[in-house]
*Asks:* 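Before I ask anything, let me first share the structure, which is written out below as structure tokens.
Along the sequence shown, the residues carry numbers beginning at 1. It should be emphasised that the depicted structure is a prediction, and the values quoted were computed from it without experimental measurement. Computed from heavy atoms alone, side chains included, the values below leave out hydrogens, waters and symmetry copies.
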Amino acid sequence: MQDFLYNLTSGDYATVLSWQSVLEVVISAAIIGFVISLVYMLTHKKEGYSQAFCVSLILLAPIVGMVILVIGNNVATAFSLAGAFALVRFRSAPGDPKDIAFVFMSVTMGLTCGLGYWIYAAIAVAVLCVIILVLHFVNYAGKKGNTYELKITVPETLNYVGVFDDVLKKYTNSFKLSRVKSVDFGALFELSFTVDLKDDKDIRKMLDELRAMNGNLKIMLSTEAPAVKSFHFQ
């Protein structure tokens, strides 16, 4: 038992490193990361994407692959690397859930390549990319039509119940008050509507009429991804 623990912690059971194994892991993982990055860019043309994030998707896979290759079965090294990674603090804001999924996919494929199963990683990433592209092009679970989120700020003295209904009926096929939130320590209320516009060309007219009714306070009209299309008046 003592010999087993000694060999396990001394590295005798670890994967033997060689130039060939290192090149296989780095090259195969980098190619797979590049494919993941291409699919990400293809599915985020409308929303836009960050160059740094796309490059990170490529680099994550070989980095994780090398970590797994170096660790092998060496428990001491594993704990050392875990302690080093624990010192890293991520200060970036939470991203889109799809972005997180791409990060996990790149990390998982790098881990698979590091274990030496790069053929299985290539098969898995090919199937996953096909699934992602199909879901993207069929717009799975996406909203149909001209659906927007409309936020209207009103003073606390205004009885907002039904006050905007006539204007919204004029310019939308349907609308629903989804949330009411107090802002500025209760001095104002923010009304959030989900609206289905009849025609995008009438957005300015609708917003002008709403501004005349809410005392010219802030109004924001945005899609699910505000960075894509938004209209802000204050």
Side-chain angles (χ1 to χ4, degrees), residues 8-142 224-228:
L8 189 61
T9 56
S10 63
D12 291 349
Y13 280 39
T15 303
V16 178
L17 290 176
S18 65
W19 286 107
Q20 182 179 0
S21 62
V22 170
L23 289 176
E24 285 180 357
V25 169
V26 172
I27 294 175
S28 60
I31 292 175
I32 290 176
F34 180 70
V35 172
I36 294 174
S37 179
L38 286 178
V39 173
Y40 176 82
M41 290 189 293
L42 182 62
T43 55
H44 287 73
K45 282 185 177 180
K46 293 183 179 180
E47 296 90 343
Y49 49 81
S50 167
Q51 180 186 17
F53 184 77
C54 295
V55 173
S56 298
L57 289 177
I58 299 175
L59 297 179
L60 268 175
I63 290 173
V64 173
M66 278 303 303
V67 170
I68 299 302
L69 184 62
V70 170
I71 289 177
N73 294 325
N74 194 311
V75 178
T77 308
F79 278 108
S80 300
L81 287 175
F85 283 125
L87 297 176
V88 180
R89 300 183 63 184
F90 297 95
R91 301 178 182 270
S92 58
D96 187 275
K98 289 190 295 184
D99 295 353
I100 299 174
F102 274 94
V103 170
F104 273 114
M105 183 165 65
S106 182
V107 170
T108 303
M109 294 305 118
L111 187 150
T112 307
C113 290
L115 293 174
Y117 303 120
W118 61 270
I119 295 180
Y120 295 107
I123 295 173
V125 79
V127 174
L128 288 172
C129 288
V130 169
I131 294 174
I132 292 171
L133 291 174
V134 170
L135 293 176
H136 171 72
F137 287 113
V138 302
N139 194 27
Y140 176 76
E224 287 183 299
V228 180

*Asks:* Tell me the closest heavy-atom pair linking Met109 and Ala121, and the distance in Å.
*Replies:* SD-O, 3.5 Å
*Asks:* Suppose the criterion is side-chain hydrogen bond (donor to acceptor under 3.5 Å, both in side chains): which pairs have a residue in residues 110-137, not counting sequence neighbours?
*Replies:*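 Sorted result for residues 110-137: empty, none.
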*Asks:* Can you tell me how far the OG atom of Ser18 sits from the CD atom of Glu24, to the nearest 0.5 Å?
*Replies:* 7.5 Å
*Asks:* Quick check: does any side chain N or O of Ser106 sit under 3.5 Å from a backbone N or O of Phe102, one acting as donor and the other as acceptor?
*Replies:* no
*Asks:* How long is the straight-line distance from CG of Leu69 back to CG of Leu111, given to the nearest 0.5 Å?
*Replies:*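 It is 11.5 Å, given to the nearest 0.5 Å.
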*Asks:* Quick one: are Ile132 and Met105 in side-chain contact, heavy atoms under 4.5 Å?
*Replies:*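 They are in contact (side-chain heavy atoms under 4.5 Å apart), so the answer is yes.
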*Asks:* Under 3.5 Å, which donor-acceptor pairs link side chains of residues 30-41 to any protein atom two or more places apart or in another chain?
*Replies:*
unit_1 : atom_1 : unit_2 : atom_2 : d
Ser37  : OG     : Cys54  : O      : 3.2
Tyr40  : OH     : Asp99  : OD1    : 3.0

*Asks:* Measure the spacing between OG1 of Thr43 and OH of Tyr49 and express it to the nearest 0.5 Å.
*Replies:*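 Rounded to the nearest 0.5 Å, the OG1-OH separation comes out at 10.0 Å.
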*Asks:* Return the minimal non-hydrogen interatomic distance between Val107 and Val64, and the atom names on each side.
*Replies:*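 Smallest heavy-atom distance, with atoms named: O-CG1, 3.6 Å.
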*Asks:* Would you indicate whether Phe53, at its atom CZ, is surrounded by more than 12 heavy atoms from other residues, nucleotides or ligands within a distance under 6.0 Å?
*Replies:* yes
*Asks:* Can you tell me how far NZ of Lys98 sits from CD1 of Ile100, rounded to the nearest 0.5 angstrom?
*Replies:* 12.5 Å
